Amino acid sequence: KRRRVRSRHGLVADPKQCVVTPSIAKQELDEPCQLTLTTYRPNGDKLPVGGEEVTVKVTTPEGIRLPEVDIKDNENGTYTISTPPLTVPGPYKIDVTVDSVPVKDSPLTIELATLPVEVPFDKETPLLSDIPFDLLVSGDPLLDAAPPPTTSH
């Protein structure tokens, strides 16, 4: 299939060589997700200009498409993709296309884990024997003189 060459510097991207990378290593719950799309020419060189038609579809773990995804053309061959805060734990599917063709490794999956939950310990807390867990006691100066830490189920 022959591609139309753009009049803008005569440069065109090859979607199959374009790469999307997350801006952070671990996505947090209730935070926006930011990604960078870097475009490349068919010969493998990075494009020095913007102007490509970029589309992004983000689907939640429940299969709902997020309506508001911001795509900023940085006019240097990269695009900044920002989602609204991701509020549901689980895998988010991110489809990225350049000129209606999926980019390399699209769709991507961003796994959103839950944050640790702090359980208050007071008279309302159920008996420890009623909660399935492993308990490791350590680090207390009073216990350091006692026998080694124990594990209870």
Side-chain angles (χ1 to χ4, degrees), residues 1 3 6 8 11-122 124-140 143 148-153:
K1 179 176 170 181
R3 296 197 48 180
R6 299 185 191 295
R8 191 173 164 178
L11 300 174
V12 66
D14 178 3
K16 294 298 180 189
Q17 293 192 54
C18 298
V19 178
V20 178
T21 54
S23 61
I24 59 173
K26 183 180 176 191
Q27 181 62 44
E28 298 291 334
L29 189 63
D30 294 327
E31 294 290 329
C33 177
Q34 193 166 38
L35 307 160
T36 300
L37 167 66
T38 304
T39 56
Y40 292 90
R41 299 176 63 188
N43 68 1
D45 292 343
K46 181 184 173 296
L47 271 176
V49 296
E52 299 296 327
E53 182 184 324
V54 176
T55 59
V56 179
K57 297 176 187 173
V58 179
T59 308
T60 68
E62 297 99 354
I64 299 168
R65 185 173 164 198
L66 294 181
E68 300 173 19
V69 176
D70 182 54
I71 304 166
K72 179 185 175 212
D73 184 345
N74 299 316
E75 299 182 12
N76 63 0
T78 67
Y79 299 78
T80 301
I81 302 164
S82 300
T83 71
L86 305 180
T87 58
V88 178
Y92 284 76
K93 186 172 95 169
I94 302 176
D95 292 283
V96 180
T97 64
V98 171
D99 296 328
S100 302
V101 178
V103 300
K104 182 180 179 180
D105 299 327
S106 183
L108 300 99
T109 300
I110 300 287
E111 185 69 36
L112 191 60
T114 58
L115 296 174
V117 177
E118 189 173 317
V119 178
F121 190 77
D122 57 25
E124 301 298 319
T125 303
L127 294 174
L128 293 179
S129 61
D130 296 339
I131 303 173
F133 69 96
D134 288 333
L135 175 65
L136 178 63
V137 179
S138 64
D140 187 329
L143 295 176
T150 60
T151 302
S152 172
H153 291 279

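These numbers were taken from a predicted model, which means no experiment stands behind them.
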Looking at [X] and [Y], what are the two nearest heavy atoms and their distance?
X   : Y   : answer
T39 : A13 : CB-CB, 4.2 Å
Q34 : S82 : NE2-OG, 3.5 Å
G50 : D73 : CA-OD1, 3.5 Å
V54 : I71 : O-CD1, 3.5 Å

For residues [X] and [Y], determine if any side-chain heavy atom of one lies less than 4.5 Å from a side-chain heavy atom of the other.
X    : Y    : result
D105 : V20  : no
V96  : L108 : yes
L37  : C18  : yes
E68  : L66  : no
Y40  : K104 : no

Could you give the distance from [atom1] ([X]) to [atom2] ([Y]), rounded to the nearest 0.5 Å?
X   : Y   : atom1 : atom2 : result
E52 : D99 : CD    : CG    : 5.0 Å
I64 : T59 : CD1   : OG1   : 10.0 Å
E31 : T83 : CD    : OG1   : 10.0 Å

Exercise for the section: For the pair V69 and K57, evaluate side-chain contact (heavy atoms from CB on, under 4.5 Å) and give the outcome as yes or no after the intermediate values. Expected result: CA-CA 8 Å; V69 176; K57 297 176 187 173; over 6 Å; no
Handout entry: Check: N76 main-chain N/O paired with N74 side-chain donor or acceptor under 3.5 Å
Key =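 Flag not set: sc N74 to bb N76 has no pair under 3.5 Å.
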Exercise for the section: Give a yes or no answer on whether the side chain of E53 reaches the backbone of S100 with a donor-acceptor pair at less than 3.5 Å. Expected result: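 No; judged by distance alone, with no hydrogens or angles, the pair does not exist.
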Exercise for the section: List the steps, then state whether side chain to side chain donor-acceptor pair (under 3.5 Å) holds for D45 with N43. Expected result: CA-CA 6 Å; D45 292 343; N43 68 1; 3.2 Å; yes
Which atom pairs, one a donor and one an acceptor, fall under 3.5 Å between side chains of residues 84-95 and the rest of the protein, sequence neighbours left out?
from: Y92; atom 1: OH; to: T87; atom 2: N; distance (Å): 3.4
from: Y92; atom 1: OH; to: V88; atom 2: N; distance (Å): 3.0
from: Y92; atom 1: OH; to: V88; atom 2: O; distance (Å): 2.9

